[in-house]
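Beneath this line is the structure, given in structure tokens, with notes to follow.
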Amino acid sequence: MTRVAIIGGGISGLAAAYELEERRRGGAQVEYVLYESSTNLGGVLRTEHIDGCVVEAGPDSFVTEKPWAADLCRALGIGDQLIGSNDADRKTYILVRGRLIEMPDGLMFMVPTKILPTGFSPLFSWKTKLRMTQELFHPPRAVDHDESVAEFVERHYGAEMVDRLADPLLSGVYGGEAANLSVRAVLPRFAEMERNYGSLGRAMLAARKKMPAGSGGAAPPLFTSLKNGMQSLAAAVASRLTASSIVTGVIVQALQREAGAWVVSAGMQSDQFDAVIIALPALAAAQVLRLATAELAGELAAIQYTSSITVGLGYDREVRQALPPGFGFLVPRSEGKRLLAATFVHNKFPHRAPEDRALLRCFLGGAIAENLWGLSNDGIIAIVREELQQVLGLQAEPLFARVYKWKSAMAQYGVGHLERLERIERLRRQLPGLALAGNGYRGIGVPDCVRSGREAARDVAGAAG
Ligand SMILES: Cc1cc2nc3c(=O)[nH]c(=O)nc-3n(C[C@H](O)[C@H](O)[C@H](O)COP(=O)(O)OP(=O)(O)OC[C@H]3O[C@@H](n4cnc5c(N)ncnc54)[C@H](O)[C@@H]3O)c2cc1C
């Protein structure tokens with residue numbers, strides 16, 4: 001019998017446990033114990049149901065293009081709960097000098113693929129529009145080193161594109177800044193386009209030409225979620241697991257390798273395993289590994305994390321009617337606000353709010369979130385409401401307001417991240433039966449976390465079994 005410890009009961013650890021549970025049910029000689037320090041499973045996947053609204057405390061959805069989370073839902077029998085974003089109403093605004101400006105049609109991240117909408121958009125100055133034209137002649141460049149997303153985008157389109165698009169788009173996902181994120185880790189497709197074509201604009205046009213005729217049919221929705229919220233994914237996995245294999249409310253303090261086995265010290269007890277899956281943010285993984293391998297722990301601790309705060313606000317029918325159409329807005333740092341983004345949830349997804357309710361989700365991240373950390377929830381709500389008033393003219397009293405704080409939960413893939421992953425992988429291989437899963441490595445989103453958990457389980461089950 002192969003015994004596996006899984007540390008962390010967020011979606012990464014749950015996906016790992018699911019994979020082992022399926023193997024066990026299929027007759028494999030494997031058993032597992034999942035350790036979770038809090039009393040709830042799911043990690044940052046947390047949903048509250050308030051006044052008929054589905055309020056997401058952590059992630060509100062995942063990108064449809066990455067199949068692993070939706071595949072897991074289908075395997076769990078909750079495929080009928082999957083819902084797509086209302087892309088027909090998709091409009092995103094950027095705050096520029098205090099005014100909301102719609103992102104022009106045809107922008108693929110920051111690469112314009114339609115001339116007219118971008119050419120007439122007030123989002124960019126004439127200087128940036130000229131840069132977009134010149135970009136089409138950008139020569140292929142054999143870059144031999146990683147660089148930040150900000151440097152990469154600036155080389156192609158100038159500083160305004162970094163400020164108005166690249167940085168706000170990425171801070172909504174990573175909570176951090178384009179100046180600190182690795183282009184190779186965060187935008188690998190764009191780095192490859194540059195290698196092959198030089199110009200990102202030309203690369204996009206070439207990719208379009210290669211698309212088979214007739215593939216312009218109904219595109220899948222950009223984002224997928226679950227009717228009753230993201231926490232229902234965690235709940236569905238948990239209900240599939242063997243109850244006696246789950247230990248909650250117990251923090252794992254340390255891992256040590258003794259006589260060919262892994263010793264897990266948790267609470268007042270320790271237990272021996274053949275293999276361990278550490279499904280924690282890299283920073284927390286470093287903590288539990290520090291006694292077993294200082295070198296690997298050092299590399300893991302060097303992966304930076306940012307904190308974030310989400311604020312859910314519910315309003316009545318009048319507010320819903322007065323709000324602009326579309327999915328919401330992003331705020332460039334140069335606007336000097338604390339708010340980084342706000343989503344009009346009632347427009348973005350079906351089943352999120354009754355017809356007579358508006359649901360807003362506001363996001364604060366990185367250094368801004370850290371600065372506000374000590375404030376009371378009421379203080380944070382007051383700041384968010386003040387800024388919503390400035391941006392949207394929204395003065396109404398919310399029907400409800402909730403604040404959710406996530407300390408060091410979002411990984412920042414800094415410049416050189418891929419090289420660090422190679423070093424981590426080399427050190428990990430020296431420790432038999434050790435696997436790493438989670439958002440610190442090759443994807444921060446829920447689908448990548450699911451993939452990483454299942455891969456880690458296959459890895460240890462294969463190696464040890
Ligand atoms: C506010 C926010 C919004 C997001 N929005 C999106 C989105 O819209 N779409 C998307 O795809 N992704 C989004 N993400 C990212 C994504 O949700 C996360 O990367 C992913 O859910 C992380 O899952 P995880 O299991 O790896 O980690 P976590 O969810 O952090 O789980 C780790 C678990 O380990 C436990 N733990 C920690 N230390 C120990 C220990 N020593 N012993 C035992 N247990 C321990 C913790 O209690 C926790 O439950 C968002 C993240 C945040 C924070």
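Numbers for residues simply follow the sequence, beginning at 1. These numbers come from a predicted model, not from an experiment. Both counts, for ligands and for their atoms, begin at 1 and track the order of listing.
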Using a 3.5 Å cut-off on N or O atoms only, is Val252 in polar contact with ligand 1? yes
Below 4.0 angstrom, N of the basic side chain to O of the carboxylate: do Glu192 and Arg189 qualify? no
For atom 33 (C) of ligand 1, which candidate among Lys66, Glu36, Lys405 holds the nearest heavy atom? Glu36
Output, in order, the C-alpha distance, side-chain angles, deciding distance and verdict of side-chain hydrogen bond (donor to acceptor under 3.5 Å, both in side chains) for Ser245 and Glu31. CA-CA 8 Å; Ser245 297; Glu31 65 177 36; over 6 Å; no
Report yes if Ser308 has an N/O atom closer than 3.5 Å to an N/O atom of ligand 1; otherwise report no. no
When you measure from atom 28 (P) of ligand 1 to each heavy atom in Gly42, Gly43, Gly13, which option holds the nearest one? Gly43
Are any of the N or O atoms of Ala57 closer than 3.5 Å to those of ligand 1? no
To check you understand the geometry: which heavy-atom pair defines the closest contact between Gly176 and Arg333, and what is its length? O-NH2, 2.8 Å
Side chains of Thr47 and Asn228 in contact at under 4.5 Å (non-hydrogen atoms): no
Provide the number and element of each atom of ligand 1 under 4.0 Å from a heavy atom of Asp60. 8 (O)
I want to know if ligand 1 touches Trp406 in the polar sense, i.e. an N/O pair below 3.5 angstrom. no
Mind checking whether Thr310 contacts ligand 1 via backbone (N, CA, C, O), side chain (CB onward), both or neither, at a 4.0 Å heavy-atom cut-off? side chain
Heavy-atom contacts with Gly8 under 4.0 Å: which atoms of ligand 1 show up? List them by number with element. 34 (O)
Looking only at non-hydrogen atoms, which of Ser37, Ala254, Gly249 approaches atom 43 (C) of ligand 1 most closely? Ser37
Determine, for Glu422 against Arg426, whether the closest basic-nitrogen to carboxylate-oxygen distance falls under 4.0 angstrom. no
Protein contact of atom 9 (N) of ligand 1 - nearest heavy atom, named by residue and atom, plus distance: Ser61 O, 2.6 Å
So, regarding Pro281 and ligand 1 (criterion: nitrogen or oxygen to nitrogen or oxygen, under 3.5 Å), is there a contact or not? no
State, with a plain yes or no, whether a side-chain heavy atom of Tyr174 is found less than 4.5 Å away from one of Thr306. no
Please determine whether a side-chain nitrogen of the Lys or Arg among Glu419 and Arg423 lies less than 4.0 Å from a carboxylate oxygen of the Asp or Glu. no
Side chain, backbone, both or neither: which part of Met410 has a heavy atom under 4.0 Å from ligand 1? side chain
Closer than 4.0 angstrom: is that true for some heavy atom of Arg361 and an atom of ligand 1? yes
Could you go through Asp274 and Val460, starting from their C-alpha distance and side-chain angles, then the distance that decides it, and tell me whether this counts as side-chain contact (heavy atoms from CB on, under 4.5 Å)? CA-CA 9 Å; Asp274 302 294; Val460 297; over 6 Å; no
Evaluate Val44 for polar contact with ligand 1, using N/O atom pairs at a separation under 3.5 Å. yes
Ala284 N/O to ligand 1 N/O under 3.5 Å: no
Return a yes/no value for Ser12: is any of its N or O atoms, backbone included, closer than 3.5 angstrom to an N or O of ligand 1? yes
Which atoms from ligand 1 have a heavy atom of Tyr35 less than 4.0 Å away? 43 (C), 44 (N)
Selection from Gly445, Pro59, Gly365 by shortest heavy-atom distance to atom 6 (C) of ligand 1: Pro59
Taking Lys407 first and then Glu370, would you say they form a salt bridge - that is, a charged N and a carboxylate O separated by under 4.0 Å? yes
Please determine if Arg428 and Glu425 form a salt bridge, counting it only when a charged side-chain N lies under 4.0 Å from a carboxylate O. yes
Side chain or backbone of Leu280 under 4.0 Å from ligand 1, or both, or neither, by non-hydrogen atoms? side chain
When you check the gap from the basic side-chain N to the acidic O, do Arg3 and Asp271 get nearer than 4.0 Å? yes
When you look for heavy atoms under 4.0 Å from ligand 1, do you find them on the side chain of Leu45, its backbone, both, or neither? side chain
Pair Gln412-Tyr305, side-chain contact (heavy atoms from CB on, under 4.5 Å): steps then yes or no: CA-CA 5 Å; Gln412 305 295 292; Tyr305 274 77; 5.9 Å; no
Find the distance between CG (Leu330) and CD (Glu335) and round it off to the nearest 0.5 Å. 11.5 Å
Option with minimal heavy-atom separation from atom 16 (C) of ligand 1, where the choices are Ile444, Leu255, Ile251: Ile444
Any idea which atoms of ligand 1 are less than 4.0 Å away from a heavy-atom of Ile11? 21 (O), 23 (O), 25 (O)
Would Val264 and Leu255 satisfy side-chain contact (heavy atoms from CB on, under 4.5 Å), going step by step from the backbone distance to the final call? CA-CA 5 Å; Val264 175; Leu255 287 177; 3.5 Å; yes
Polar atom proximity, Ser38 to ligand 1 (N or O, under 3.5 Å): no
Out of all atoms in ligand 1, which are within 4.0 Å of some heavy atom of Gly438? Include the element for each. 26 (O)
Using heavy atoms and a threshold below 4.0 Å, how should the contact between Cys449 and ligand 1 be classified: side chain, backbone, both, or neither? side chain
Show your reasoning for whether side-chain contact (heavy atoms from CB on, under 4.5 Å) applies to Met204 and Phe190. CA-CA 10 Å; Met204 283 287 182; Phe190 287 90; 4.0 Å; yes
